Every structure is written in C-alpha cells, then in structure tokens.
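All values derive from a computational prediction rather than experimental measurement.
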Amino acid sequence: MKESKGYSLLRDPRKNKGTAFTVEERKKYGLDGLLPTQVETIETQMLRVNEQLDLIEEPINKYVYLTTLLDTNETLFFDLIINNPAKFLPLVYTPTVGEACEKLGHISRRVRGLFISIEQKDHIKEILQNWPEKDIRFTVVTDGGRILGLGDLGVCGLGIPIGKLALYTACAGVPPEHTLPIVLDTGTNNEVFLNDPLYPGLRRKRIEGKEYDDFIEAFVLAINEVYPKICIQWEDFRGVDAIRILNEFRNKVCTYNDDIQGTAAIATAGFISISRLTEKPFVEQKFLFFGAGAAAFGIADLLVQKFQKDGLSREEALEHIWMFDVNGLLVESRNDLVDYQKPFAHSGDFTNNFAKAILQVKPTAIIGVSTVGGAFDQQVIKNMSLVNKRPIIFPYSNPTSHSECTAEEAYVWSKGKAIFASGSPFAPVEYEGKLFTPGQGNNVFIFPAMGLALFATEAKRVTDDMFIIAAEAVAMQVTQNDFEKGLIYPHINDILKVSVNVAVKIAEEIFASGLAGIERPDDIRAFVKSKMYVPLYQ
C-alpha cells in the first residue's frame, strides 16, 4: 500500500500527529509548509485542546469538538480522555451522547461506522467487506430502538456504538483498529424523525416479527463469516427484542448485551461493595425493582446467580427479589406478566403504590430502571428509611433527566442515611455539615474490561460467570476510606487501572472454563497488558 504523505497523512486520524511531527518527519512526508514551524509535544497539544474546550459552554458543542478531534487525530483524542476521564467521559458518552443521538442528523460531520438497512439484508457480507480494517474483534450494534431513556431514535442511535467503542479503547486499551460501530436500520416509529428532512435513515415504520428476526440472524451469520474472531455487543434495543436476541445467540457465537449483563454486573458490584463494607452478608440483601423490563431482568438474573454462588438455592434466591412495573407490584395473582417476569412474581397482596410496596416487601435496596424521572419521591425515600438503618437507593435510569431521584433528594429526604448510586453522574452534596460523594453505577467499569479480556484471550463465548467475576473484581477495589466518603465504586479517574485488574480476573475465568481461543500464558496479567493500546505517536 502506498505510504501516506502531505495532506493525505494529515487527514489520516490514525497516523496524523499534527504539530508533533518532527523536523525529519516533515521533510520525509512532504509536510513542510503545511504545519506551523514549532514542533510540539502531545502534552502541549492537549493544553491547547483543553483551553479551546473550556471556551465552549454547551456540552453538545464540546461533544462535536471532541468528535472532530477523533476524526483528525485519534492518538491525541485517546490520550486526552485517558489523562482526565472524570472530565471527558461525560462529554463523549453519557449524559451528552443522548443529546448527540437526538441531533445526529443535524450535527453529523464524518460518520465513523456502518449503516446496514433491512433493504440490504441480502448484501450484508458485501457491506461489511467495505470497511477498511479486516481484523475486527468488536462491534457494538444497535437498531436505535430504545436509546438510553430517550426512546426510538432510529439510525441516529449510531452515536451510542461510536461512544461505547471509544470507551473500550480509552478505559481499557482495546486497540481502536479492531472495533467497528454498526447501526441496523429497521425503520423508526419516531414521527419527528420521519418528518425531518435531515433524518438520515429509512423513512418507514419499524419492521417487526419474523422479518426482523430474519434480518438479525442474517447479520449475525454474515459478520461471523467476515470477521471470525468477532464479539458482538448488542446495545439499546427494545427490551423484548434485547432479551430475545441475547437468548437466541448467546450459546452460538461470542456475544453479550451490555444493557442487560453489563448493567447487571455493575449493579451487583455495588451491592457486593456495600455488603463487604457494612459487614452484612450479601445473602441478607433484599431488592425491589422499579421497572420490570430488560435491564431489571438482567440485574435480577445476575443477582440470583450471585445468591446461588453464595449458598442459596434458586428458589431461596428468587425470594430476595421483587419487582414493580407500570401496573404495580409483580404478584402471582396478576395475569398480564410476560414469561421472563413470572419467576419474580411472588405470593402477596397487590398494590400499585410503590411507596406502600416498600412497607410491604421491606427491601434493603430499591433499584430504578424505569426511565421515569422523579419516581422515587419523598415518601418513597422516607419509607425506605423507616425499614432500613442505611437504605440503599439506586436510581439507575439514564440520562440524568430520567433518573428516579437526584442525589440531593436521596440524602436530604433520608436525613443523610442513604447509600446512593445512580446511572448518571451527580455532583457532591453537602448535608448538615457532611459532604456526600454520590456513587455512579457506570457500566464503564465493566464492558471495557470485558472487551480487553475477550480480545486478549480470543474467547469463543461470553458467560454470566464472567460478569459475576467482573462484579466481584470491581467491588474488591473499593476501600473503606472510599466508602466513608460515600463511594461504593472506584473513582472514575482510576478507570484504566481498575479495568486491567478486572480484565485479568475475567481472563483467568476464560482460561479456566476452556473458552479461550489461545493457549494459557504463564503470566496472565503481563499477557493482558501486552495486548493494550497505548496512545503514543509512532
């Protein structure tokens, strides 16, 4: 292949160094005159980027700026995030990515990913082969059916796979050249988009049923043929579709669903941390979910497996998990439950009042996965405080506007007793002279590490045991000092170190279970670290 020179080199995000090209490189590659005279370090370049970003007020405009940087200088982009994840993760992913998806048709510059529509069902293999990289190991795939808590965003949901894969690299060192964002265009039921001249997807209602399932199957077969070492991560599908797709393919190919399994693992990690740091056995916890869709099912299912691992029978474990959906408490007398909800329906009195359900069930923790902002009102928090010395309040819905309560509400209404973690970030809260640091149950502590472990080991499958191992590994990195500050998860600025530790534990499980595609190395930690991408100019 012809070596890039001049303008072509400056437009190659993977090879471009911008002002960091040396004097010798400028002569060699025909860059003299195309760059300012000063040769700069990457640290100087980051200083300029930070200064420019600080002049931009709106997060969505910061997102556009950073996306443009990714399109022009990949190394600088990733080094920037790695050096200050607390600042940049909210800008390149949640919560800002939600608004970016809503406006994708209006803010799109250079799109990084593949669009595959239902009308191209018979040509998926050819479309995949159009991608310039030939050794893809990870794809994050969405059909845009349920983006965060924002609903059906159609192909504009591609912003989620793009952001997610950027975090695979920034937070765990998965080499970016092995990743591919994909959106499957199956139409949209979003009337605003259907009437928007700048909506870039199919202008038709969503397909469903057999036609939809056949399209998904065709995609899975094609991508595994083109990229035989691929792992498919399903993202932001509608609940019933997400569960069905995962169940159909989880034992056939290397695949997982982060909304179901990743969310489950990070929630479980939080509960393990709390149990360890309060010296209360995990098996004494009792959970009540607000929301009974795919995310709730994923968390509940992994909690059941954790209970079983800690010595309970499946029947005993199920007694520790209750759910409340749009129609009320899941009890056996209801006749409107779907199959995956039925194991979590118990004998007991029905109520459609969540605050009353708390007094009836007496959970140690409530978990919000409803996307109903403000659902955990003052009476809910008050009732949790009545039945618990330290009520565990987990409003997990994203983005921030859909969180079931804010950190301030949880702390104030519980009179400082709450142990709090949310899906979206909240600022520290001062209450009666004490500063509380809200925990964030961010999947970023799970999926990048999972990706690194799968990449390093060339794993053939992804199992729930791997997610339990990941949850336990995350929890073990929270100290008593962290807990006293209100933290039940590691600090986000430690994400790279945390991800390596979690990936090593997952890799050990992969080798032990016989699912690795390579021979077990003598030193797993050194081997995993040797596979990591480091953003350095070459």
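Judged by a 6.0 Å distance limit and a 45° cone about the ring axis, Lys164 is positioned over the six-membered ring of Phe447.
Ring pair Tyr396/Phe394 is parallel by interplanar angle, where below 30° counts as parallel and above 60° as perpendicular. Under the 30°/60° scheme for interplanar angles, the aromatic rings of Tyr340 and Phe297 are found to stand perpendicular. Aromatic ring orientation, His178 versus Phe455: tilted (interplanar angle from 30° to 60°). Classification of the Phe354-Phe324 ring pair by plane angle, with boundaries at 30° and 60°, yields perpendicular. Between Tyr411 and Phe436, the ring planes are parallel. Angles under 30° get that label, and only those over 60° would be called perpendicular.
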Side chain to side chain contact (heavy atoms under 4.5 Å, CB included) assessment of Glu472 paired with Ile272: CA-CA 7 Å; Glu472 292 172 340; Ile272 295 171; 3.8 Å; yes
Pair Asp259-Arg238, salt bridge (Lys or Arg N to Asp or Glu O under 4.0 Å): steps then yes or no: CA-CA 10 Å; Asp259 300 314; Arg238 294 179 295 180; over 6 Å; no
Side chain to side chain contact (heavy atoms under 4.5 Å, CB included) evaluation trace for Cys101 with Ile160: CA-CA 7 Å; Cys101 287; Ile160 296 293; 3.7 Å; yes
From CA spacing to verdict: side chain to side chain contact (heavy atoms under 4.5 Å, CB included), Ile492, Gln440: CA-CA 9 Å; Ile492 196 68; Gln440 185 186 357; 5.8 Å; no
Residue pair Phe287, Met323: steps toward the side chain to side chain contact (heavy atoms under 4.5 Å, CB included) verdict: CA-CA 8 Å; Phe287 305 97; Met323 292 190 181; over 6 Å; no
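Residue-environment remark: NZ (Lys280) exceeds the threshold of 12 foreign heavy atoms within 6.0 Å.
Taking CZ of Phe467 as the reference point, atom CG of Asp465 lies at 11.0 Å (rounded to 0.5 Å). We find the OG-CD distance between Ser414 and Glu409 to be 11.5 Å, quoted to the nearest 0.5 Å. From Arg137, atom CZ reaches atom CD1 of Ile230 across 9.5 Å, with rounding to the nearest 0.5 Å. To the nearest 0.5 Å, atom CD of residue Glu57 and atom CG of residue Asn61 are 9.5 Å apart.
A donor-acceptor pair under 3.5 Å is absent between the side-chain atoms of Ser370 and the main chain of Gly291, judged by distance alone. Listed for the Tyr489 side chain is a donor-acceptor partner under 3.5 Å among the backbone atoms of Ile266.
Each ring pair (Phe, Tyr, Trp, His ring centres under 6.0 Å) pair with one or both residues in residues 48-80, not counting sequence neighbours, appears once here: Phe78-Tyr533.
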